[in-house]
J.: 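I have a structure here, written as structure tokens, and I will follow up with some questions on it.
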Amino acid sequence: MTRPQTTQLLEGKKSAAAIREEAAAMVQELRAAGTVPGLALVLATADESAAWYTRAIARAGEKVGIDVRVERLADDASADVVRSALQRLSADDTVHGIILQTPLPPGVDGVEVAIAIAPEKDVDGGNPVSIGRLTAGLPAFAPATAAGVMRILDDHGVELAGRRVVVVGRSLVVGKPAAMLLLARDATVTICHSRTRDLAARTSEAEVLVAAVGRPRMIGAEHVGAGAVVIDVGTTPDEDGNLVGDVDAEAVTGHAGALTPVPGGVGPVTTALLLLNTVTAAARAAG
Ligand code: NAP
């Protein structure tokens, strides 16, 4: 292991501020032309961190001039109830973006119900149609977290074409779409998951490593190649409510070439992109 080297901190705050500014400027134009961008956040859980995240998106949306509404459903709502709320919002001309928050009530399959989100309003890419389109190289909203990973890499000038990239995690909201977006940029992508054998051997070969697991500090120095760019998507609340990443930042500092902080890395970029996607959807609807 080569040490020490300087590990660059890839912060998301500047990118997020630039995205919010872009969204706010578009909102001004749309409002002047008579369109008020609307975002609906659908919440069917009593989960505290989902409620906190929903409030954070709502506040950020209102700040850039989006009309945000929170649709609260019972935390034991059936799949039919969730689906019909999504269908109603999809048919509502004042709503341009729809986000279905997780967790969902027990027994409700997120992918199944997200099919009810109109693809043109699917600003967090939850409808499997959106992922299918992305995979086929067709225009679609990507899940905002995956898009946030790309934005951080781009804003810090990280080359992707031809490079070895490893994504740890294969969820439909982060790992898979991130891998597809990286592949579309000509990276050579490996996806690892809970059944991957000898994870450290796979991840330490990466020039760019994306960790999207949800296991605090599981990625240590042995998982990271010297000089690699490490994107930490993990956000697990600790007992004091502070967010902890998947990467052991202390262990990889001085070894990785660059690392996103948690909090302050992918998270703020993700939230800002949800707003920009909503405004983009409103602009498309306005023609
Ligand atoms: P998820 O649906 O639980 O998926 C976790 C993935 O990690 C799965 O594919 C799982 O593999 C894999 N995994 C679990 N244990 C592993 C191990 N020991 N070794 C290798 N892979 C392992 O989680 P998610 O929704 O993708 O979220 C991942 C993290 O990102 C969470 O901390 C979440 O809070 C965070 N997140 C952050 C943002 C943001 O804006 N920053 C947004 C969304 C999510 P299997 O498929 O084999 O089970």
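Ligands are counted one by one from 1 in listed order, and the atoms in each one are counted from 1 as well.
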J.: Which of the atoms in ligand 1, numbered in the order shown and given with their element, are less than 4.0 Å from a heavy-atom of A212?
T.: 5 (C), 6 (C), 7 (O), 28 (C)
J.: Using a 4.0 Å cut-off to any heavy atom of V168, which atoms of ligand 1 qualify?
T.: 20 (C), 21 (N)
J.: On a heavy-atom basis, which atom in V166 and which in C192 lie closest, and how many Å separate them?
T.: CG1-SG, 3.7 Å
J.: Considering only heavy atoms of V233, which atoms of ligand 1 have at least one such atom less than 4.0 Å away?
T.: 30 (O), 35 (C), 36 (N), 37 (C), 41 (N)
J.: Have a look at ligand 1 and work out which part of T235, if any, has a heavy atom under 4.0 Å from it: side chain, backbone, both or neither.
T.: both
J.: List ligand 1 atoms under 4.0 Å from T270, heavy atoms only on the residue side.
T.: 40 (O)
J.: With side-chain contact (heavy atoms from CB on, under 4.5 Å) as the test, would you mind laying out the steps for R163 and V158 before giving the verdict?
T.: CA-CA 10 Å; R163 297 187 83 188; V158 177; 3.9 Å; yes
J.: Between M180 and I131, does a side-chain contact (heavy atoms from CB on, under 4.5 Å) hold up when you go through it step by step?
T.: CA-CA 9 Å; M180 286 305 134; I131 290 246; 5.8 Å; no
J.: Just checking R72: does its CZ atom have more than 12 heavy atoms from other residues, nucleotides or ligands closer to it than 6.0 angstrom?
T.: no
J.: Please lay out, stage by stage, how V168 and L209 fare under the test side-chain contact (heavy atoms from CB on, under 4.5 Å).
T.: CA-CA 8 Å; V168 190; L209 175 62; 4.0 Å; yes
J.: Only heavy atoms count here, so choose which of T145, T196, L199, V149 is nearest to atom 42 (C) of ligand 1.
T.: T145
J.: Take R83 and D80, measure what salt bridge (charged side-chain N to carboxylate O under 4.0 Å, His left out) needs, and give me the verdict at the end.
T.: CA-CA 5 Å; R83 210 178 284 119; D80 277 346; 2.7 Å; yes
J.: Quick one: which ligand 1 atoms are inside 4.0 Å of a heavy atom on G267?
T.: 40 (O), 41 (N)
J.: How close do G245 and D232 get, counting heavy atoms only, and between which atoms?
T.: CA-OD2, 3.2 Å
J.: Evaluating non-hydrogen atoms only, which member of R170, H193, R202 is closest to atom 20 (C) of ligand 1?
T.: H193
J.: Could you go step by step and tell me if R69 and D92 meet the salt bridge (charged side-chain N to carboxylate O under 4.0 Å, His left out) rule?
T.: CA-CA 12 Å; R69 74 169 82 154; D92 183 335; 3.3 Å; yes
J.: Between the candidates S49, S194, P216, which shows the shortest non-hydrogen contact distance to atom 47 (O) of ligand 1?
T.: S194
J.: May I ask you to list the atoms of ligand 1 that are less than 4.0 angstrom from any heavy atom of G169?
T.: 6 (C), 7 (O), 9 (O)
J.: Nearest protein heavy-atom contact for atom 1 (P) of ligand 1: which residue, which atom, what distance?
T.: S171 CB, 4.1 Å
J.: Which atoms of ligand 1 have any heavy atom of V173 under 4.0 Å away?
T.: 25 (O)
